[in-house]
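Just so you know, these numbers use all the heavy atoms, side chains as well, and skip hydrogens, waters and symmetry mates. To find a chain, count down the sequence lines: A is the first, B the second, and so on, and within it residues start at 1.
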Amino acid sequence: MNIPIPTPRDFSFRRTALSHGWYDLPPFSFDRDTWTLTRVLDIDNGAPVTVKITATPHALNVHVARQPSQRTVARIVRDVRHALRLDDDMQTFYGAVTDDPDFTWIVRQGAGRLLRSPTVFEDLVKTICTTNCSWALTDKMVRELVNNLGQAGCDGARAFPTPAAMAAVPVSFYRDVMRSGYRAPYFKELAERVAADELDPESWLTSELPTPELKRAMKRVKGVGDYAAENLLKLVGRYDVLALDSWVRGKFARLHNRNRPATDKKIARHYARFNTWRGLALWCDMTKDWLEGNDE
DNA sequence: GCGTCCAGGTCTACC
DNA sequence: GGTAGACCTGGACGC
């Protein structure tokens with residue numbers, strides 16, 4: 001079955017799907033030959049469903065192997081819209097960058113929508129997996145988590161594990177199977193708190209707290225520091241933070257500082273003119289070359 | 001083969 | 001509030 005989902009005029013499937021590394025971490029995967037984003041979606045009270053997402057000029061085409069129920073279709077549409085940020089209004093951001101010659105490509109290419117997971121919980125776990133390690137280790141940790149704790153669909157593909165599934169395994173799983181090292185107790189504690197409704201990461205999406213206060217709330221999760229919190233803030237739609245990590249610092253040095261390390265203050269000054277959109281302007285700037293030669 | 005460094009940082013103790 | 005040192009893993013690198 002194919003489910004068509006109309007897309008906004010300023011939407012770019014390629015720029016959104018490949019906006020950052022999430023597309024390569026299960027239960028996402030991406031095929032650059034066919035430009036297909038695959039995702040295994042968790043369906044409440046049912047087996048997970050694998051969807052294959054491609055784009056036409058004005059719509060997404062979501063392919064599902066079997067004929068799902070109406071309720072499942074509604075869930076699929078909701079999750080795809082959420083993950084690909086179809087409901088984000090980008091015009092204010094585009095207005096903020098359109099007068100800057102170095103940033104007009106963002107408007108032209110429809111960049112700025114950052115791929116996210118169907119749940120903030122998943123984004124939170126994955127973000128902790130990115131801290132203080134190579135991308136190869138991030139990939140390994142997430143893969144072990146999904147392969148061992150994710151529920152399998154009819155095709156054998158696994159969804160991202162639920163908080164309850166993660167809370168049910170001992171710390172030794174995170175240490176010895178997931179190989180997450182010192183992060184192991186953080187995952188166990190996080191899953192237990194979310195499963196017990198002591199912590200609700202999904203509420204961060206609609207929180208009315210000012211960004212600094214929301215960031216403080218995020219940092220109360222063990223394993224979430226400045227970088228991780230600011231990365232999560234971007235994924236819930238707050239772009240008045242930069243989320244500087246070693247990769248961004250290195251890339252900024254190459255692009256804007258003659259290959260020499262720049263201070264965080266200097267990086268902040270460079271993007272300050274974009275005000276509340278500075279974090280998104282920075283990320284677009286850092287990833288401009290990811291799709292050069294593949295523009296839609 | 002072995003030791004060291006470092007990668008998409010964070011926590012804790014201490015001042 | 002600011003900072004030093006410890007913390008897991010695994011790949012790259014030099015010897």
Side-chain angles (χ1 to χ4, degrees), chain A residues 17-26 28 30 114-117 122-148 166 169-193 199 201 212-236 238-239 241-257 259-265 267-268 270-271 278-291:
Chain A
L18 302 184
S19 53
H20 63 116
W22 262 208
Y23 70 85
D24 200 29
L25 295 179
F28 279 116
F30 194 81
L114 303 182
L115 180 69
R116 61 186 172 186
S117 307
E122 180 180 332
D123 283 336
L124 173 54
V125 170
K126 285 179 170 173
T127 297
I128 295 173
C129 289
T130 67
T131 58
N132 196 27
C133 64
S134 62
W135 186 257
L137 184 55
T138 297
D139 183 74
K140 178 180 170 57
M141 285 191 277
V142 173
R143 218 163 279 282
E144 293 294 348
L145 191 59
V146 171
N147 288 343
N148 286 282
M166 287 182 62
V169 295
V171 175
S172 58
F173 166 82
Y174 298 102
R175 189 180 55 239
D176 302 334
V177 180
M178 188 182 171
R179 309 295 289 174
S180 66
Y182 68 90
R183 306 168 193 80
Y186 303 163
F187 291 124
K188 174 71 173 173
E189 181 184 317
L190 168 62
E192 285 179 340
R193 287 177 65 196
L199 175 70
E213 285 184 40
L214 184 55
K215 181 179 169 183
R216 272 194 289 276
M218 291 172 167
K219 286 179 69 174
R220 282 196 281 273
V221 175
K222 287 266 186 69
V224 176
D226 283 329
Y227 159 73
E230 293 186 5
N231 187 56
L232 284 163
L233 282 165
K234 289 184 181 182
L235 294 179
V236 299
R238 312 257 191 147
Y239 304 108
V241 291
L242 297 179
L244 300 179
D245 56 21
S246 57
W247 182 83
V248 167
R249 292 185 180 101
K251 183 102 184 207
F252 183 90
R254 289 192 293 280
L255 290 180
H256 302 300
N257 211 41
N259 218 21
R260 289 181 302 199
T263 64
D264 290 356
K265 283 185 179 175
I267 299 174
H270 189 87
Y271 299 100
R278 56 190 179 271
L280 193 52
L282 172 146
W283 187 252
C284 289
D285 193 30
M286 295 296 100
T287 57
K288 179 186 177 185
D289 60 355
W290 282 11
L291 273 172

> Could you go step by step and tell me if A:Y186 and A:S180 meet the side-chain contact (heavy atoms from CB on, under 4.5 Å) rule?
Replying inline: CA-CA 10 Å; A:Y186 303 163; A:S180 66; over 6 Å; no
>> side-chain contact (heavy atoms from CB on, under 4.5 Å) for A:R278 and A:Y239? Distances and angles first, verdict last.
In response: CA-CA 6 Å; A:R278 56 190 179 271; A:Y239 304 108; over 6 Å; no
>> Run the side-chain contact (heavy atoms from CB on, under 4.5 Å) test on A:T287 and A:S19 for me, step by step, so that the C-alpha distance in whole Å, both residues' side-chain angles and the decisive distance to 0.1 Å come before the verdict.
In response: CA-CA 7 Å; A:T287 57; A:S19 53; over 6 Å; no
>> Test side-chain contact (heavy atoms from CB on, under 4.5 Å) on A:N148 and A:M178; report intermediate values, then the result.
In response: CA-CA 9 Å; A:N148 286 282; A:M178 188 182 171; over 6 Å; no
> Should A:K234 and A:E230 be marked as a salt bridge (Lys or Arg N to Asp or Glu O under 4.0 Å) after you check the CA-CA gap, both sets of side-chain angles, and the distance that decides it?
Replying inline: CA-CA 6 Å; A:K234 289 184 181 182; A:E230 293 186 5; over 6 Å; no
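For the atom pair NZ of A:K188 and OG of A:S172, the computed distance is 9.0 Å after rounding to the nearest 0.5 Å. Between the CG atom of A:D123 and the CG atom of A:L114 there is a distance of 10.5 Å, given to the nearest 0.5 Å. Taken from CD in A:E192 to CE in A:M166, the straight-line distance is 10.5 Å, to the nearest 0.5 Å. Once rounded to the nearest 0.5 Å, the distance linking NE2 of A:H20 with CE of A:M286 reads 16.0 Å. Rounded to the nearest 0.5 Å, atoms CG (A:L137) and OG1 (A:T131) are 9.5 Å apart. Distance CG/A:L244 to OG1/A:T263: 10.0 Å, rounded to 0.5 Å.
Remark: A:Y271 engages A:D285 in a side-chain hydrogen bond (donor to acceptor under 3.5 Å, both in side chains) (not counting sequence neighbours).
Judged purely by atom type and a 3.5 angstrom limit, A:R238 has no side-chain atom pairing as donor or acceptor with the backbone of A:L214.
As rounded to the nearest Å, B:dG8 and C:dG5 have C1' atoms that lie 22 Å from one another. When the P atom is used for both B:dT4 and C:dA6, the distance is 15 Å, rounded to whole Å.
Under a 4.0 Å N-O distance rule, the pair A:D289/A:K251 qualifies as a salt bridge.
Under the 30°/60° scheme for interplanar angles, the aromatic rings of A:W283 and A:W290 are found to stand perpendicular.
Contacts between residues 170-190 of chain A and DNA chain C, defined by a heavy-atom separation below 4.0 Å, involve A:R179, A:G181, A:Y182, A:R183, listed by number. Heavy-atom distances under 4.0 Å link DNA chain C to A:N132, A:L137, A:K140 of residues 123-142 of chain A, given in residue order. Near DNA chain B, meaning a heavy atom under 4.0 Å away, the residues from residues 215-228 of chain A are A:V221, A:K222, A:G223, A:V224, A:G225, A:D226, A:Y227, A:A228.
Regarding A:L244, its CG atom lies at a distance of 11 Å from the P atom of B:dT10, rounded to whole Å. Going from atom CG of A:L232 over to atom C1' of B:dT10 covers 14 Å, rounded to whole Å.
Every stem involving DNA chain B, taken as at least 3 paired positions in a row under the Watson-Crick or G-U wobble test at 3.5 Å, is listed here: B:1-7 with C:9-15, B:9-15 with C:1-7.
Along DNA chain C, the stretch of nucleotides lying under 4.0 Å from any heavy atom of chain A spans, 5' to 3', C:dC7 to C:dG10.
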